[in-house]
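Presented below is the structure to which this report refers.
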Amino acid sequence: MLTSMQNNQLLVRRPCPNRTESKLGYILKLSEKNGYVSPQAVLTRAGTKFKRHNTIDAMTKLAHIAGLTATELLSIVTHWGEPDRMFCRLMGQRIHSADLQFQQKKVCPECVKAKGFIEAHFDLAVMIACPVHGKLLLTHCSQCSAEIRWERPGLLKCHCGAALIQCDDSLVSPAVRELLDIVRRKALLLEPGADYSSGVPDAQLWKMNLQSLIYLIGALGRRVVGGRSAVKWNDYGRIVSGAAEILANWPHGFHDWLRELTADIPDDVPLKLTTQPLRGIYFSLGYGVRPRSEAIFLRHALSAFVVNHLGAGCHDREFRATKNEYVKRYIPVNGFAEMLGIDPRTAQQLIKRQRLPTVEIERARYKRTLVDLTKVTLLTRSPGKVCRRQVAAKAIGISSELLSSLKKSGDFQVSHLPKGMSGFHESDIKVFVEKLVAIASQQSMGRDEAQRLIRLEFILQRSFCTVEEKADIVRRLLHGSLEAWGCDDGTIGGILVPVSAIGSSGRRVLRDHTRALFTKTAPAAKDGGRRMSSAEAASYLNCSKITVYKLLEQRLIQAAKQGNMWLIEEEELRKFSTTYVQIASVAKELRTSPCALAQFCAAHGIPTIPPGQGTRSGNQLFICAKDESNLLAFNLHSKPKALYRRNRRSVLAA
């Protein structure tokens, strides 16, 4: 017995707990490291009892003698809270207290040898085998043939003193191993596994929380028949094996089990999900899993079995006569949406719009609708993104109204979506664009250089043509009645069409917007260089188009006029940039504003161009490069306060 002075004193050996370690296993490890015969001595030293080991107060006392903080010990607590509570925690995950074993009565010697501790998932009652090694857990001592107790000297020592070193060599089935592997990974917060060969629905089971997953194993393993359980509630060996057998080869294993439950039902007896013998499993799957969305794949499989095997809600006598044969004829709306890769709400609209044949089966509160696949025409949806009308029109380069008109007339062909489904598939968009560009490229051969051309983008994005007129131009391009003279950028907007493609009203407006045209009949520059429009020249000089026009009026820049459009050679702009300097660039170096420099030039007689420009628009002014040195004296004429403010702004900006 420990004396009162020994109570609440630090243990001699205080190993740190591991992240995935069981709390009861950690207490047993503390007992073994410090030479105690039973872990009860550790609890007694901490001043608590086994019945109270779940409380926060007991955890605080145990952390004190182990040299830990309460937070460090609570991080590995597998179940804590009041003992009379219905729910508890495992690695922070809420589960039912009946799903835990509050004493370590089973162990995997190979895992303990490799890791040096007992992992937390072995506290679960459903862990009858080790999913890592595929062997049943050791529950009895090979020497005394008694059950393994928690009150033992060490992790791998029996209370009789014998070593626990050998497991049962018999391997569990692959379905049991893979099902327990999913439970282990969920309990220890690990990454999901892969390559499950038994056919368990691992993707659907992984979406469930730990509490719902354990409940599902119990509900299926106990095999509710006639309102009574065919397996004892604590016979977890048979429970886990039965659940793994049902979940293997999904959904055929599940349907085989349901076929056994309904084998005695006559053909002429109407069947509902809410009546025996399916009542128990229906309510178990529907109301025992929370949230209910996690059990949707189970309800789909159950409804499909009732309709496809038993003909519930179906008035086809020939089909009901072949109920022993599995024919996947009816499918729920959500499964129908998953088959097409669309949202369930979109699937409901598609069913309503196309008037697809459906059947209804009664449930507890409402009816479930299933689609008859045998009477539905071929519905195919290619993999890819489905875009809304605005997004699809932007990707093509046309307006949404024009796209709707082309789709309504059949010129925009829909071949990658089911008939009646809304939206625009990205593959259909790509085919439409490539078709128009290919037609334009083929017709570019033998082009007339004297023909005046405009980009199709100018027609499609202007308001002088109605939607029907624009659609008519696109149709004529598709049918070949309107010739295109090439495509300059590989898009629909870059297709070159003659000006005569638009009507007289459009040509009249076209004369007022000549500056926006990109004509291919402009003469080339003398030196073979590039010619720019006024907008491109303004972007080159970093000024506005009005400033460019003023420079053209002063003949500071030479340009050639074609129609209503000025074409400026790039060499002219390069010469101008070397002769003149923009005030805005000098102001940036002097850390001041262009307006202040413009006022300085006006006060000191420094000529600026274009003349007549106000000093408030200094970013549009230029000076000769030889006068740039005169602007360097700007800081000398500035007041000290202005210099201080400019320097302060520069320092703050840096």
Side-chain angles (χ1 to χ4, degrees), residues 1-18 20-54 58 61-62 65-68 73 76-79 100-125 127-172 234 236-237:
M1 298 291 293
L2 295 175
T3 64
S4 59
M5 296 183 59
Q6 290 176 315
N7 291 339
N8 298 326
Q9 293 182 359
L10 291 176
L11 296 173
V12 177
R13 295 182 178 180
R14 303 181 296 274
C16 295
N18 292 273
T20 59
E21 187 172 1
S22 168
K23 186 197 69 173
L24 292 175
Y26 178 67
I27 298 175
L28 185 57
K29 185 171 67 174
L30 285 177
S31 174
E32 181 182 12
K33 294 293 183 182
N34 289 274
Y36 293 120
V37 181
S38 173
Q40 290 285 2
V42 177
L43 297 177
T44 304
R45 191 184 188 98
T48 184
K49 298 180 180 180
F50 179 77
K51 293 182 179 180
R52 302 287 298 173
H53 78 283
N54 288 334
K61 294 178 180 179
L62 183 62
I65 67 171
L68 303 173
L73 188 59
I76 68 160
V77 167
T78 55
H79 38 272
L100 285 174
Q101 288 183 343
F102 286 95
Q103 293 188 17
Q104 289 287 349
K105 297 182 178 180
K106 53 189 177 182
V107 65
C108 177
E110 297 182 17
C111 290
V112 176
K113 289 180 183 178
K115 300 180 182 297
F117 62 91
I118 300 176
E119 288 189 313
H121 67 278
F122 289 115
D123 289 346
L124 293 172
M127 297 301 297
I128 62 172
C130 176
V132 178
H133 301 96
K135 298 180 180 179
L136 292 173
L137 297 180
L138 186 62
T139 58
H140 290 74
C141 177
S142 59
Q143 296 293 332
C144 62
S145 300
E147 283 190 352
I148 298 176
R149 302 176 184 175
W150 180 63
E151 298 88 352
R152 58 182 189 267
L155 297 176
L156 295 179
K157 287 185 180 180
C158 180
H159 65 279
C160 67
L164 305 175
I165 57 176
Q166 187 175 4
C167 280
D168 191 355
D169 294 334
S170 58
L171 299 178
V172 296
N234 59 351
Y236 289 100

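The two residues I65 and R14 have their closest heavy-atom pair at O-CD, 3.7 Å. When all heavy atoms are compared, the tightest approach of C158 to R152 is C-CB, 4.1 Å. Between C108 and F122 the shortest heavy-atom distance is CB-CZ, 4.1 Å. In terms of heavy atoms, E151 sits closest to S38 at CB-OG, 3.6 Å. Of all non-hydrogen atoms in H159 and P153, the two that sit nearest each other are CA-CD, 4.0 Å. Listed here is the closest heavy atom pair of D123 and S22: OD2-OG, 2.9 Å.
Here the SG atom belonging to C130 is positioned 12.0 Å from the CG atom belonging to L138, to the nearest 0.5 angstrom. The CG atom of L62 sits 6.5 Å away from atom CG of L43, with the distance rounded to the nearest 0.5 Å. Rounded to the nearest 0.5 Å, atoms CZ (R45) and OG (S31) are 11.5 Å apart.
Here the side chains of L11 and Y36 are in contact, with some heavy-atom distance below 4.5 Å. Contact annotation: the side chain of V112 approaches that of I118 to within less than 4.5 Å [non-hydrogen atoms, C-beta and beyond]. Residues K33 and L30 have side chains not in contact (no heavy-atom distance under 4.5 Å, counting atoms from C-beta outward). By the 4.5 Å heavy-atom criterion applied to side chains, K106 and M127 are counted as neighbours. Side-chain contact between V42 and N34 is absent, with no heavy-atom pair separated by less than 4.5 Å. Contact of the V107 side chain with the L155 side chain is not registered, since no non-hydrogen atoms from C-beta on lie closer than 4.5 Å.
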Salt bridge (charged side-chain N to carboxylate O under 4.0 Å, His left out) assessment of K157 paired with E32: CA-CA 10 Å; K157 287 185 180 180; E32 181 182 12; 5.4 Å; no

Stepwise side chain to side chain contact (heavy atoms under 4.5 Å, CB included) test for F117 and T20: CA-CA 9 Å; F117 62 91; T20 59; 3.8 Å; yes

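Checking each of K29, K115, E119 against N18 for a side-chain contact (heavy atoms from CB on, under 4.5 Å) leaves exactly one that passes, namely K29.
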